Amino acid sequence: MDAIEIFPRGLKQPEGSFRFGQDALLLAALTARFCTRKDKVVELGCGCGAALSGLLLLWPCAYGLGLDIGEELLKAARENALSLNLAGRTEFACADFTGKSRAEAIAKNAAGFDVAIANPPWQIMGRPARTVLREQALRSPAMNIFEAFFQTAHFLLRAKGHFYLILPTRSIGELFFALEKTGFGLRFLQPLKTSSRASICKRIFVLCQKSAQNDPQFFAQLNVGPGNPGAEGDWMGRVFTIQQ
């Protein structure tokens, strides 16, 4: 069976890394659902490339760049893109958005992207993870990680470009701080309920626009459920049901 027909099953990930999950796939699915301009897309913190690959499978004419700090993850992302027949329209590069080399590492890839996507580290408190890769996915030592992601997106996006993110609801304060510091405007925000057992929404999907004023639309909650494994067409129907 063709790899595209079974996506996201079979994606390679380095041993000890934080497994990609629902958030990465939701980021791709919801970006595809809302976005209209889709020629060039960059993912910040791409990991093994699950979200970027999923989005490019839905946008057959788009070009994608994935940036991450982990070389092992980037190697897996390149292998996954190759298996999905996406190697001809993807690139992956190493970049530390918070380090001294951030500007130099990213500058060579700056080319006026239409869309940026990200699911930044959630800064979950607790004991250190068992591996460096898992720790990098969960937390950043930088206190201003959201601001660093927004600064990078601002550098890479064209004028009025769009930045789509999935965030924990408890990060709304950090989101507004980053917006004020980096010149983005909030355009819409939508709560996501990803479990029928949950009584509250713990995630939000947001769209921010470069060099724009805050003018947000607040959408009703989206309920995300399991898909139909036998569904034909694109991969979203196999993975999700999404209802307003």
Side-chain angles (χ1 to χ4, degrees), residues 11-14 17-21 23-28 31-32 35 38-57 59 62-82 84 86-123 132-142 144-158 161-167 178 182-184 206-208 210:
L11 292 181
K12 295 182 179 179
Q13 290 191 259
S17 64
F18 192 86
R19 306 297 294 178
F20 80 89
D23 290 339
L25 301 177
L26 268 175
L27 180 61
T31 300
C35 188
K38 49 197 178 186
D39 297 326
K40 297 171 66 175
V41 56
V42 56
E43 182 179 9
L44 311 183
C46 66
C48 72
L52 183 62
S53 295
L55 190 54
L56 293 179
L57 290 174
W59 291 350
Y63 159 82
L65 170 67
L67 299 174
D68 202 280
I69 193 174
E71 290 284 7
E72 294 175 79
L73 288 164
L74 292 168
K75 180 176 182 292
R78 295 184 186 101
E79 293 175 357
N80 290 328
L82 182 63
L84 293 166
L86 296 173
R89 51 192 183 98
T90 55
E91 292 183 64
F92 296 93
C94 186
D96 178 0
F97 310 141
T98 63
K100 293 180 180 180
S101 62
R102 178 178 66 88
E104 292 81 356
I106 296 169
K108 62 183 179 182
N109 297 307
F113 285 84
D114 302 302
V115 177
I117 61 174
N119 178 27
W122 282 27
Q123 303 297 73
V132 172
L133 290 174
R134 287 181 64 86
E135 182 68 19
Q136 288 173 347
L138 291 170
R139 288 173 285 270
S140 168
N144 59 343
I145 185 62
F146 275 62
E147 184 180 342
F149 267 69
F150 272 85
Q151 287 175 342
T152 304
H154 195 279
F155 187 84
L156 291 168
L157 285 168
R158 62 170 174 80
H162 288 174
F163 189 17
Y164 294 88
L165 306 97
I166 284 185
L167 304 171
T182 58
F184 277 88
V206 299
L207 163 61
C208 308
K210 177 179 175 179

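Here the structure is a predicted model, which is why all the values come from computation and not from measurement.
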Any heavy-atom pair between the side chains of Phe92 and Leu67 that's under 4.5 Å?
no
How about Leu56 and Tyr63: do any of their side-chain heavy atoms sit closer than 4.5 Å?
no
Would you compute the distance between atom CG of Leu86 and atom CG of Leu52 and round it to the nearest 0.5 angstrom?
8.0 Å
Taking side chain as C-beta onward, heavy atoms only, is Phe150 less than 4.5 Å from Cys208?
yes
Nearest-0.5 Å distance that lies between atom CG in Leu156 and atom NZ in Lys40:
10.0 Å
With sequence neighbours excluded, tell me which residues meet salt bridge (charged side-chain N to carboxylate O under 4.0 Å, His left out) with Glu79.
Lys12, Lys75
Straight-line distance of Leu73 CG to Cys46 SG, nearest 0.5 Å
7.5 Å
Kindly write out the residues that satisfy side chain to side chain contact (heavy atoms under 4.5 Å, CB included) with Ala118, not counting sequence neighbours, or none if the list is empty.
Leu44, Pro120, Phe149, Phe163, Leu165
Hey, does Phe20 have a side-chain heavy atom less than 4.5 Å from the side chain of Leu11?
yes
Matching residue for Leu55 among Leu27, Thr31, Leu25 - test: side chain to side chain contact (heavy atoms under 4.5 Å, CB included)
Thr31
Report the residues that fulfil salt bridge (charged side-chain N to carboxylate O under 4.0 Å, His left out) with Arg89, sequence neighbours left out, ordered by chain and then residue number.
none
Just wondering, do Phe113 and Arg158 contact through their side chains at under 4.5 Å, heavy atoms?
no
